[in-house]
Amino acid sequence: PSQLTVAALTDTPPTREAWALFVTDRGLYLRPSDVPGAAATDSASSGPAAGLSGGKFSDAQLGEQLQRLPQGPDLTLFVTAERDIPVRRLEQVLQQLAVSQPGPITLAVALSPDTALPAPRSTSAAARRCPDGLPESEEVEGDLPVAALTEALEPLRARAASCLAYADARGAAGGRLLLGLRVSADGGVSYACMVADETEDDALAACVLAAAQDLRFPAPDPAGTVDVELPLLLRPNSPPAQAAVCEPTQPSNSR
């Protein structure tokens with residue numbers, strides 16, 4: 001029933017599938033980021049994560065426990081340790097993870113219970129969604145060559161990536177989008193909606209759709225409307241390489 005808050009300083013946002021490994025003097029513990037403790041320890045739980053967050057386990061069981069985690073490119077493992085755990089002990093665990101864990105590993109710190117966390121950013125953005133595809137239209141159907149479509153869509157990819165700056169923590173991890181666009185007879189976008197959205201972030205989806213509305217296409221020939229479904233994969237930029245904490249200083253000629 002208790003809650004744990006773990007923080008890490010990184011340019012890479014947390015993913016939707018994040019787990020935390022706690023190194024304690026009693027053993028190792030795994031906790032998922034999106035499952036309440038009480039639900040995760042329920043004996044009726046099923047699936048690959050069932051039982052993982054229940055009790056402690058030893059170093060020898062670490063590889064087996066990691067194999068039971070949901071596998072995928074979005075899985076991130078946050079590692080944190082109790083205050084009195086020696087650095088050498090933490091290093092031993094990290095050496096094991098280097099062999100057993102194929103995904104990203106991030107060092108984190110557990111925050112004290114009285115830490116004031118920022119409130120979720122409120123937004124009035126409402127993204128137009130169309131899970132069944134673009135609505136029916138009675139307008140005359142036109143045509144655009146694939147090459148013309150591809151060239152006109154190129155600016156959207158860059159602007160969509162910049163929309164990640166407006167996303168919340170979940171949406172900032174990126175994901176797959178499927179946009180529905182209706183190109184009008186004059187080459188403008190008369191209708192844009194989100195057919196599928198893996199990010200589940202309204203502000204991010206609204207930003208991408210706003211960028212899509214600004215697109216300009218060649219006028220369809222023959223004249224009419226053209227419906228397009230565009231898949232987009234948004235990924236956050238990789239963090240810059242971290243400089244060494246104690247870089248050797250250059251000898252100075254000054255006295």
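Positions are given from 1, in the same order as the sequence printed here. Values below: all heavy atoms of this structure, side chains included; hydrogens, waters and symmetry mates excluded.
Environment of CD in Glu141: sparse, with no more than 12 heavy atoms of neighbouring residues, nucleotides or ligands closer than 6.0 Å. Remark: Gln92 CD is packed, more than 12 non-hydrogen atoms of other residues, nucleotides or ligands lying under 6.0 Å away.
Clustering ILVMFWY residues whenever any of their side-chain heavy atoms sit less than 4.5 angstrom apart, transitively, puts Tyr191 in a cluster other than the one holding Leu215. By the rule that hydrophobic residues join a cluster once side-chain heavy atoms approach within less than 4.5 Å of another member, Phe57 and Ile85 end up as members of one cluster. Neither Val183 nor Val195 shares a network with the other; the hydrophobic side chains, linked directly or stepwise wherever heavy atoms of I, L, V, M, F, W or Y lie under 4.5 Å apart, form separate groups for each. Transitive grouping of hydrophobic side chains (ILVMFWY, heavy atoms separated by less than 4.5 Å) brings Leu28 and Leu94 into a common cluster. Transitive grouping of hydrophobic side chains (ILVMFWY, heavy atoms separated by less than 4.5 Å) brings Leu62 and Leu107 into a common cluster.
Between Pro220 and Gly187, the shortest heavy-atom contact is CD-N, 4.2 Å. The two residues Ala212 and Ala192 make their nearest non-hydrogen contact at CB-CB, 4.5 Å. For the residue pair Ala206 and Ala127, the shortest heavy atom distance occurs at N-CB, 3.7 Å. The minimum heavy-atom distance between Leu204 and Gly171, with the atom names listed, is CD2-O, 3.6 Å. The shortest non-hydrogen separation linking Leu164 to Arg235 is CD1-O, 3.6 Å. Taking all atoms of both residues into account, the shortest heavy-atom contact from Cys193 to Leu134 is SG-CD2, 3.7 Å.
Inter-residue side-chain proximity for Leu97 and Leu66 is flagged as met; some heavy-atom pair is nearer than 4.5 Å. You'll find the side chain of Asp202 reaches within 4.5 Å of the side chain of Arg129, heavy atoms only.
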Inset, instruction - Could you check Val228 against Leu144 for side chain to side chain contact (heavy atoms under 4.5 Å, CB included), going step by step and ending with a plain yes or no? - result: CA-CA 10 Å; Val228 180; Leu144 276 173; over 6 Å; no
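Atom-to-atom distance recorded for Arg128:CZ and Leu179:CG is 12.0 Å, nearest 0.5 angstrom. Atom CG of Leu230 and atom CG of Leu149 lie 9.5 Å apart (nearest 0.5 Å). Here CD of Gln213 is found 11.0 Å from CG of Leu156. Values are rounded to the nearest 0.5 Å. One distance of note links CD of Glu82 with CZ of Arg26; it measures 8.0 Å at 0.5 Å rounding. Atom CG of Leu234 sits about 11.0 Å away from atom CZ of Arg176, to the nearest 0.5 Å. Distance OG1/Thr225 to CG/Asp186: 11.5 Å, rounded to 0.5 Å.
Remark: the backbone N or O of Gly224 is not paired with any side-chain donor or acceptor of Glu139 at under 3.5 angstrom. Panel note: side chain Gln65, backbone Leu30; no donor-acceptor pair is recorded below 3.5 Å. Formation of a donor-acceptor pair under 3.5 Å by the Gln61 side chain with backbone atoms of Ser58 is found in this model. With Arg182 contributing its side chain and Pro135 its backbone, the two residues share a donor-acceptor pair below 3.5 Å.
Ionic pairing of Arg89 and Asp84 is not present here: no N-O contact between side-chain nitrogen and carboxylate oxygen is shorter than 4.0 angstrom.
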